[in-house]
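Structure first, then comments.
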Amino acid sequence: QVQLVESGGGLVQAGGSLRLSCAASGRTFSTYAMGWFRQAPGKEREFVAAISWSGGSTYYADSVKGRFTISRNKAKNTVYLQMNSLKSEDTAVYYCAGKPAYSGSRWYTGANEYDSWGQGTQVTVSS
């Protein structure tokens, strides 16, 4: 497993932007597929975005496609989630997650597929 720490959350007005970061520790991070999930009050945790360990393959939930971008910097052991055109419905606690992957092109959308999780960072979008 790797240890994951999210940062970058906060309060933003609708239409604004935030960039979340997920810093990882552990020698095997470079072969981890990564994902972002979110959980709003009273709702189940939902998939947001995923990226392969090569960084060359990404996938997004329909609700964020075209507004959010996931990326990774292997040299910094960090995964990012750039969030633009934020809406009130994006308000949630955002979690990053990691999973060892044998293929550099694989990404994963199921929360139960990941074995490492961060503690979460709150994103609040005011309308």
How far apart are the closest heavy atoms of C22 and M34, and which atoms are they?
SG-CE, 4.2 Å
Count the heavy atoms belonging to other residues, nucleotides or ligands that lie under 6.0 Å from NZ of K65, then report whether that count exceeds 12.
yes
Shared ILVMFWY cluster between Y95 and Y60, side chains joined below 4.5 angstrom?
no
The reported gap from CE in M83 to OG1 in T69 (rounded to nearest 0.5 angstrom) is 11.0 Å
Is there a donor-acceptor contact under 3.5 Å linking the side chains of Q13 and S126?
no
Verify the cluster assignment for I51 and L4: are they in a single hydrophobic cluster under the rule of side-chain heavy atoms below 4.5 Å apart?
yes
Any side-chain heavy atom of V12 within less than 4.5 Å of one from T124?
no
Ignoring hydrogens and geometry, is there a side-chain-to-backbone donor-acceptor pair from W53 to A101 under 3.5 Å?
yes
In terms of heavy-atom contacts, T78 and S21 come closest through CG2-CB, 4.2 Å
Keeping S116 on the side-chain end and V2 on the backbone end, is there a donor-acceptor pair under 3.5 Å?
yes
V48-V123 co-clustered via ILVMFWY side chain contacts under 4.5 Å:
yes
R67 side, atom CZ; N84 side, atom CG - distance, nearest 0.5 Å
9.0 Å
Could you tell me which non-hydrogen atom of A111 sits nearest to which non-hydrogen atom of W117, and how far apart they are?
O-CZ2, 3.4 Å
Where do S57 and R106 land on the side-chain contact (heavy atoms from CB on, under 4.5 Å) test, with the steps shown first?
CA-CA 7 Å; S57 183; R106 284 293 309 273; over 6 Å; no
More than 12 heavy atoms from other groups under 6.0 Å of NZ on K76:
no
Report the distance from atom CZ of F47 to atom CZ of F37, rounding to the nearest 0.5 Å.
6.5 Å
Does C96 offer a backbone N or O that forms a donor-acceptor pair with the side chain of E6 under 3.5 Å?
yes
Kindly compute the distance separating CZ (R38) from OG1 (T121), expressed to the nearest 0.5 Å.
14.0 Å
Is there a donor-acceptor contact under 3.5 Å from the side chain of S54 to the main chain of S52?
no
Is there a donor-acceptor pair closer than 3.5 Å between any side-chain N or O of T91 and the backbone N or O of V125?
yes
Heavy-atom closest pair, residues Y32 and D115
CE2-OD1, 3.8 Å
Charged tip of R72 within 45° of Y80 ring normal and under 6.0 Å
no
On a heavy-atom basis, which atom in A14 and which in S127 lie closest, and how many Å separate them?
CB-CA, 4.2 Å
Measuring from atom CG of N77 to atom OG of S30, what distance do you get when rounded to the nearest 0.5 angstrom?
7.5 Å
For the residue pair Y94 and F68, categorise the inter-ring angle as parallel (less than 30°), tilted (30 to 60°) or perpendicular (more than 60°).
tilted
Considering all heavy atoms, the nearest E113-K99 contact:
O-CD, 3.1 Å
Stepwise, does the side-chain contact (heavy atoms from CB on, under 4.5 Å) test hold for L81 with R19?
CA-CA 6 Å; L81 185 68; R19 188 178 79 158; over 6 Å; no
Cluster link V64 to W36, ILVMFWY, side chain under 4.5 Å:
yes
Just how far is it from atom OH of Y114 to atom OG1 of T109, taken to the nearest 0.5 Å?
7.5 Å
